[in-house]
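Every number for a ligand or one of its atoms is a count from 1 in the order of the listing. For the single chain, residues carry numbers from 1 onward in sequence order.
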Amino acid sequence: MINYLGTPVIETDRLLLRPLKQSDTQSIFYHWLSDERVADNRVNAAHTSIAQTEERVKKIVSQYKNKEFCYWGIELKGTGELIGEIDLYDFDSSKDNCEVSYSLGFKWWNQGYGTEALQAVVEFGFRQMNIHKISAAHNTDNPASGRVMAKVGMKQEGVIRHMIRNAKNQYKDCAVYGILREDYLKSVCM
Ligand SMILES: CC(C)(COP(=O)(O)OP(=O)(O)OC[C@H]1O[C@@H](n2cnc3c(N)ncnc32)[C@H](O)[C@@H]1OP(=O)(O)O)[C@@H](O)C(=O)NCCC(=O)NCCS
């Protein structure tokens, strides 16, 4: 059974994963949600007005009272900057499985932060929440995300053709990855 714990603060070497606040709206808009380079790898279109982000953050913040809601902002401990977001979602209580997704602002790409955040959330999901399997999918034209999944021990399970149609009306093939709790715990020697 999944042990829902909401969105507690998680600390890693360089990052603080913490609930988002309404006052994060500007950072979220400028650092990733309005950026086409980030949006091109997500399903939804880039935000064109801060009001859209305001609304989205409002919706997220309103769900923190729900223990089944796991949605972290990724903050750099060194500077206090909010650099991205990561969430566990689509909890399936019939199998104790869920999905994970994440995004970082462009200026922080390729510095290991995505891997550090995903590693921490996978660890939390398996050890604290008792999740059985965590899955994710990335567009095949976004190999960096697949690399992040592989670096935390997720295995590629196949490629689904035209799995999504993005906001630009383009169909995208997606590589599907997963990691089982039993394999994760074995890999880190319990
Ligand atoms: C995907 C994302 C979170 C990765 O975060 P990140 O902090 O840059 O990731 P890391 O630095 O931990 O690792 C990136 C890895 O991808 C590799 N990489 C980068 N560009 C690559 C490319 N074009 N092809 C193959 N590998 C690539 C890097 O070399 C690195 O691997 P390495 O450590 O073995 O050298 C970030 O790029 C992002 O936010 N992208 C936009 C949104 C998105 O794609 N979200 C995920 C949707 S599934």
Side-chain angles (χ1 to χ4, degrees), residues 10-18 20 24 26-48 52-53 56-57 60 70-91 97-125 131 133-168 170-179 184 187-188:
I10 301 174
E11 195 174 342
T12 68
D13 284 352
R14 298 179 295 169
L15 306 172
L16 209 57
L17 308 188
R18 54 129 176 112
L20 291 173
D24 292 323
Q26 285 232 338
S27 302
I28 297 170
F29 178 74
Y30 289 111
H31 291 161
W32 67 93
L33 279 192
S34 67
D35 189 335
E36 295 279 351
R37 293 168 297 193
V38 177
D40 277 351
N41 299 305
R42 297 167 53 112
V43 177
N44 296 322
H47 284 188
T48 51
Q52 285 175 283
T53 307
R56 185 164 180 273
V57 177
I60 290 168
C70 302
Y71 204 114
W72 293 269
I74 304 173
E75 186 178 302
L76 261 192
K77 284 201 303 199
T79 62
E81 291 164 297
L82 187 70
I83 66 168
E85 62 183 26
I86 182 162
D87 65 315
L88 293 174
Y89 67 104
D90 267 3
F91 294 102
N97 295 347
C98 73
E99 306 274 328
V100 65
S101 80
Y102 42 79
S103 289
L104 288 185
F106 180 74
K107 102 183 216 206
W108 295 284
W109 289 10
N110 292 319
Q111 297 168 56
Y113 295 129
T115 305
E116 193 167 322
L118 182 60
Q119 180 68 54
V121 165
V122 164
E123 164 88 11
F124 175 75
I131 304 281
K133 179 178 181 182
I134 299 176
S135 300
H138 71 86
N139 299 351
T140 50
D141 59 11
N142 179 23
S145 183
R147 183 74 195 119
V148 169
M149 294 173 199
K151 283 197 286 180
V152 305
M154 299 178 83
K155 300 259 183 292
Q156 199 194 120
E157 297 174 340
V159 173
I160 314 273
R161 291 180 302 154
H162 289 198
M163 183 173 168
I164 59 163
R165 181 157 65 175
N166 68 14
K168 292 180 176 163
Q170 299 159 324
Y171 284 99
K172 296 279 179 176
D173 296 346
C174 294
V176 177
Y177 280 69
I179 181 167
Y184 175 76
S187 74
V188 293

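If you check which protein heavy atom lies closest to atom 31 (O) of ligand 1, you get R147 CG, 3.2 Å. The protein non-hydrogen atom at the shortest distance from atom 42 (C) of ligand 1 is S103 OG, 3.6 Å. Looking only at protein heavy atoms, the nearest one to atom 33 (O) of ligand 1 is K151 NZ, 2.6 Å. In terms of protein heavy-atom proximity, atom 44 (O) of ligand 1 is closest to N142 ND2, 2.7 Å. At the shortest separation from atom 12 (O) of ligand 1 among protein heavy atoms lies T115 OG1, 2.5 Å. Among all protein heavy atoms, the one lying closest to atom 39 (O) of ligand 1 is L104 N, 2.7 Å. Distance from atom 23 (N) of ligand 1 to its nearest protein heavy atom, with residue and atom name: P143 CG, 3.8 Å.
Among W108, Y102, W109, Y177, the residue whose heavy atom lies closest to atom 3 (C) of ligand 1 is Y102. Of the listed residues (S145, S101, G114), the one carrying the non-hydrogen atom nearest atom 1 (C) of ligand 1 is S145. Atom 48 (S) of ligand 1 has its nearest heavy-atom neighbour, among A137, G84, A144, A117, in A137. Which of D35, N41, V148 comes nearest to atom 47 (C) of ligand 1 through a heavy atom is settled by distance: it is N41. Of the listed residues (D40, N110, I74, L118), the one carrying the non-hydrogen atom nearest atom 6 (P) of ligand 1 is N110.
Contact between V152 and L118 at its shortest, heavy atoms only, is CG2-CD2, 3.6 Å. Between A39 and A45, the shortest heavy-atom contact is CB-C, 4.2 Å. In terms of heavy-atom proximity, F29 sits nearest to H47 at CE1-O, 3.7 Å. Residues T48 and Q52 share a closest heavy-atom pair of N-OE1, 2.6 Å. Taking both residues in full, the closest heavy atoms of M149 and A136 are given as CE-CB, 3.6 Å, listed atom of the first, atom of the second, then distance. Across all non-hydrogen atoms, the minimal contact from S145 to Y102 is OG-OH, 2.9 Å.
At a threshold of 4.5 Å between non-hydrogen side-chain atoms, the residues L15 and L76 count as touching.
Residue D87 is tested with C70, S103, S101 for a side-chain contact (heavy atoms from CB on, under 4.5 Å); the sole match is S101.
Taking every non-hydrogen atom of H138 and a distance limit under 4.0 Å, the qualifying atoms of ligand 1 come out as 48 (S). Under a 4.0 Å criterion applied to the non-hydrogen atoms of Q111, ligand 1 contributes the atoms 11 (O).
Within the 4.0 Å heavy-atom cutoff, E116 does not count among the residues contacting ligand 1.
Contacts of R37 with ligand 1, taken as heavy-atom pairs under 4.0 Å, are absent altogether.
Rounded to the nearest 0.5 angstrom, L20 CG and E75 CD are separated by 10.5 Å.
One N or O on the side chain of D173 and one on the backbone of H162 form a donor-acceptor pair closer than 3.5 Å.
The existence of a salt bridge linking R42 and E85 is confirmed by a sub-4.0 Å separation between a basic side-chain nitrogen and an acidic carboxylate oxygen.
Some N or O of G112 is nearer than 3.5 Å to an N or O of ligand 1, by distance alone.
Within the 4.0 Å cut-off (strictly below), no protein heavy atom is located near atom 35 (O) of ligand 1.
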